[in-house]
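The block underneath contains the structure these notes are about, expressed in structure tokens.
If you're wondering where the values come from, they're calculated on a predicted model, not measured in any experiment. In what follows, chains are A, B, ... by sequence order, proteins preceding strands, each numbered from 1.
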Number of protein chains: 4
Amino acid sequence: MIRGAVALFKQKGYHRTTTREIAKEAGFSIGTLYEYIRTKEDVLYLVCDSIYEEVQQRLSGIAQQEGSLEGLEKAIRQYYELIDEMQDEFVVMYQESKSLPKDALEYVLNKELEMVALFENILRDCQKAGEIHVKDESISLAAHHLVIQGQMWAFRRWGLHSHYTLDQFMDDQLQWLLHGIKGNGGTT
Amino acid sequence: MIRGAVALFKQKGYHRTTTREIAKEAGFSIGTLYEYIRTKEDVLYLVCDSIYEEVQQRLSGIAQQEGSLEGLEKAIRQYYELIDEMQDEFVVMYQESKSLPKDALEYVLNKELEMVALFENILRDCQKAGEIHVKDESISLAAHHLVIQGQMWAFRRWGLHSHYTLDQFMDDQLQWLLHGIKGNGGTT
Amino acid sequence: MIRGAVALFKQKGYHRTTTREIAKEAGFSIGTLYEYIRTKEDVLYLVCDSIYEEVQQRLSGIAQQEGSLEGLEKAIRQYYELIDEMQDEFVVMYQESKSLPKDALEYVLNKELEMVALFENILRDCQKAGEIHVKDESISLAAHHLVIQGQMWAFRRWGLHSHYTLDQFMDDQLQWLLHGIKGNGGTT
Amino acid sequence: MIRGAVALFKQKGYHRTTTREIAKEAGFSIGTLYEYIRTKEDVLYLVCDSIYEEVQQRLSGIAQQEGSLEGLEKAIRQYYELIDEMQDEFVVMYQESKSLPKDALEYVLNKELEMVALFENILRDCQKAGEIHVKDESISLAAHHLVIQGQMWAFRRWGLHSHYTLDQFMDDQLQWLLHGIKGNGGTT
DNA sequence: AATGAATGAGTATTCATTCAT
DNA sequence: GATGAATGAATACTCATTCAT
């Protein structure tokens, strides 16, 4: 059901997608749809939740390579590839999550912060290991950056995909990032 | 009318805002509203258009300082300040523009590309002037970057404003950017 | 609109009557119906209210003939005739008022109590004038009686109209009532 | 099941009670509920029927004391007590029976007429025994009266229970009735 | 016999849009 | 020009009923 809903939301947006369409796409009747959800908003919530679920699951292996630059790079590449594969999901989530009820929205934003924290930790490990040198205050910002940089690949496909392949994009982004980090980006 | 509509869209989103509300907020009747527009979508279009109008107007002075790093920095700071002041507008535009009819959307995306091009030109001028050294292919990407980096200040206020002031954010971003650019970001 | 709604409610009951039917019967579109009401329950409320409105208006002249038995009789006859003419309305009101939201229901029950009070006052006047002799506690009960006795003509048409004309019914009821009242109904 | 249904109908009304709720309250699944009934209306029918069943059962002993005034009084008191105990049931039945399909409604109204007839017979016996003196045409009316008077205790609890105890109410009603009957209520 | 998942017709309500005044 | 009453298509959600297990 969630896959179908994502497809519809992507195509027509959350508001223009009817519950009947969601049900039909999922292959059952509205009646049955409403066995699973209580509100149309629930669908949106489930969609957002499942996206983070998958993201977290697919990034779960990342944090291991403690403190090495290769580890960082690998993590980032994995993240970029993930986004490339889940473009639609990301776009939907970022454009529609505002329609979530307040508490659901908070829950979702929290998940996003967890994702940022994931990279923040990796960076901090690298810092500890002496592999990078960034002002302490800049680490969280760098993590935010990194996360957004990746999402940019999804949001701005209309502007980017015509000029770059994912690999070009990743390489370029990484160079930027690592260059700033390895040296002493953000220091005296 | 547009100001009122932005306020409403920001608060309730485009779909949840009724034409009646837009009219009332603007201070005239629906009948009169429909003298100015043909469709609710028109309001959204007008909103998006007016935002870019203002952005372009306020960034118009930028391109002059040809090729100097200070010019670049000044342009960027001006852009960031602009975004800070127009946060709501930016958020609305990026979250709702997907609801525009196809051609209007294209028009709007084009405006966005023009904005990117603006910075691209500045960067290219700097490159020509020998102030920065970036791979040619990376310049457009850097411009994209730069534009998004700024928008991030609007989109992610929930995550950023609690940790950074605008000035901190700007300084940090600039250091990242200039560090990568001045050196030889993206080269061997 | 109200007349139409009464007709429909009478025929199919409140729950089985759709808002569309109400609108159509009233001669306008649902959209327009919802200019006048906010909720289907509002229709029911309006129906109930208008019934009491009419009842009170039509009984307003009654209270004048202070204390005479003829006054009492006249009042009662007027009330019975009123009920005869508004049978449908009464039946609808008593069968459907339970579907009113709590506060509306209270409001309606209050109106009913006002009607009872109307007769209570007449009876009290007669008592004062020495025309009837009833235990004080019984007066309110007698008023309740009297009001219900009349409504019975509406509720139980299926049982009564085949055996009695309104006049027979009125005469009989009056004799019962007056007999009990004139003598010393409810005393030693 | 019926008890449960009555409780639900009393609380929320027939239309607002779902078959699922009825099943759950009865302690089995909807599937099983539909083994016993064919239609939701059937539940209402069963409810109404069972009420009359109980009423008739509990009043069955009444008709014996032929022709005595005490017998009449006893019968009436028994009836009033019955109603007091079955208030909810009566209220439900009278407010919801209109939702029965035509033939079921007729059946139920017939049961009601049987109840009236029960008292009619008692009255007639008293008449024959010379204990009361009422115009022949008035006997059926008096029976209707008597039946309604009792139901009034259930329908109008909101207006009566705050002012009277059941005993006060019964006494008062009886005095009215007997006074009218014993003398020559309704004669020349 | 019993279950409860599946169905889909049915309904209240909203809201963009029109047009007579 | 301006108004706002009127429209009715569109939509989320409910619930009686069925039937495969």
Side-chain angles (χ1 to χ4, degrees), chain A residues 1 8 12 14-24 26-44 99, chain B residues 1 5 8 12 14-24 26-44 99, chain C residues 1 8 12-24 26-44 99, chain D residues 1 5 8 12 14-24 26-44 99 101:
Chain A
M1 180 199 82
L8 288 168
K12 337 178 49 176
Y14 170 71
H15 280 101
R16 285 202 229 288
T17 302
T18 67
T19 49
R20 274 174 149 82
E21 287 169 324
I22 295 171
K24 180 183 257 187
F28 36 65
S29 64
I30 337 169
T32 306
L33 176 63
Y34 274 86
E35 292 285 315
Y36 296 85
I37 59 166
R38 235 174 30 75
T39 291
K40 194 185 172 190
E41 279 170 344
D42 286 354
V43 180
L44 187 53
S99 298
Chain B
M1 180 199 82
L8 288 168
K12 336 177 52 176
Y14 169 71
H15 279 101
R16 286 201 228 289
T17 301
T18 68
T19 50
R20 277 163 144 89
E21 287 170 324
I22 295 171
K24 182 184 242 186
F28 37 67
S29 64
I30 331 172
T32 308
L33 177 64
Y34 272 82
E35 294 289 317
Y36 296 84
I37 59 167
R38 232 174 33 74
T39 285
K40 192 186 172 189
E41 280 169 342
D42 288 352
V43 180
L44 187 55
S99 298
Chain C
M1 179 199 83
L8 288 167
K12 337 177 51 177
Y14 169 72
H15 280 101
R16 284 202 231 287
T17 302
T18 66
T19 50
R20 274 176 148 81
E21 286 169 325
I22 295 171
K24 181 184 256 187
F28 36 66
S29 64
I30 338 169
T32 306
L33 176 65
Y34 274 84
E35 292 286 314
Y36 295 87
I37 60 165
R38 233 173 32 75
T39 290
K40 193 185 171 190
E41 279 170 344
D42 287 353
V43 180
L44 187 54
S99 297
Chain D
M1 180 198 83
L8 289 168
K12 337 177 52 178
Y14 170 71
H15 280 100
R16 286 201 229 287
T17 302
T18 66
T19 49
R20 276 163 144 90
E21 286 169 324
I22 295 170
K24 182 185 242 186
F28 38 67
S29 65
I30 333 172
T32 308
L33 177 64
Y34 272 81
E35 294 288 318
Y36 295 85
I37 60 167
R38 231 175 32 77
T39 286
K40 191 185 173 189
E41 281 168 343
D42 288 352
V43 179
L44 186 54
S99 298

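- The interatomic distance linking Y36(A) (OH) with dG4(E) (P) rounds to 15 Å, in whole Å.
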Would you tabulate the nitrogen or oxygen pairs shorter than 3.5 Å linking the protein to nucleotides 9-13 of chain E?
from	atom 1	to	atom 2	distance (Å)
dG10(E)	O6	R20(A)	NH1	3.2
dG10(E)	O6	R20(A)	NH2	3.2
dA12(E)	OP1	K40(C)	NZ	3.0
dA12(E)	OP2	T19(C)	N	3.1
dA12(E)	OP2	T19(C)	OG1	3.2
dT13(E)	OP2	Y34(C)	OH	2.7
dT13(E)	OP2	K40(C)	N	2.8
dT13(E)	O4	R20(C)	NH1	3.2

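- Base pairing of dA1(E) is not made with any nucleotide, judged by Watson-Crick or G-U wobble geometry with both donor-acceptor distances under 3.5 Å.
- Per the geometry, CG belonging to L8(A) stands 12 Å off P belonging to dA12(F), to the nearest Å.
- A 3.5 Å limit on both hydrogen-bonding distances identifies dT3(F) as the Watson-Crick or G-U partner of dA20(E).
- The two atoms that bring R16(C) and E21(C) nearest to each other are O-OE1, 3.7 Å, heavy atoms only.
- Atom-to-atom, CE of M1(A) to C1' of dA6(E) comes out at 16 Å; the value is rounded to the nearest Å.
- To the nearest angstrom, P of dT17(F) lies 10 Å from CG of L33(D).
- For the pair E21(A) CD and dA10(F) C1', the interatomic distance rounds to 11 Å; values are reported in whole Å.
- In this structure, the side chain of S29(B) engages the main chain of T32(B) through a donor-acceptor pair within 3.5 Å.
- Checking side-chain atoms of Y36(C) against main-chain N and O of V43(C) turns up no donor-acceptor pair under 3.5 Å.
- For L33(B), the side-chain contact (heavy atoms from CB on, under 4.5 Å) partners at least two apart in sequence or on another chain are M1(B), T19(B), I22(B), A23(B), F28(B), I37(B).
- In this entry dT11(E) has dA12(F) as its Watson-Crick or G-U wobble partner, both defining distances falling under 3.5 Å.
- The closest donor-acceptor contact from the side chain of K12(A) to the backbone of T18(A) lies at 3.5 Å or more, if one exists at all.
- Minimum interatomic distance between K40(D) and H15(D) (heavy atoms only, all atoms of both residues): NZ-O, 3.6 Å.
- Nearest-nucleotide positions on DNA chain F for E35(D) and T32(C) put T32(C) closer to the 5' end.
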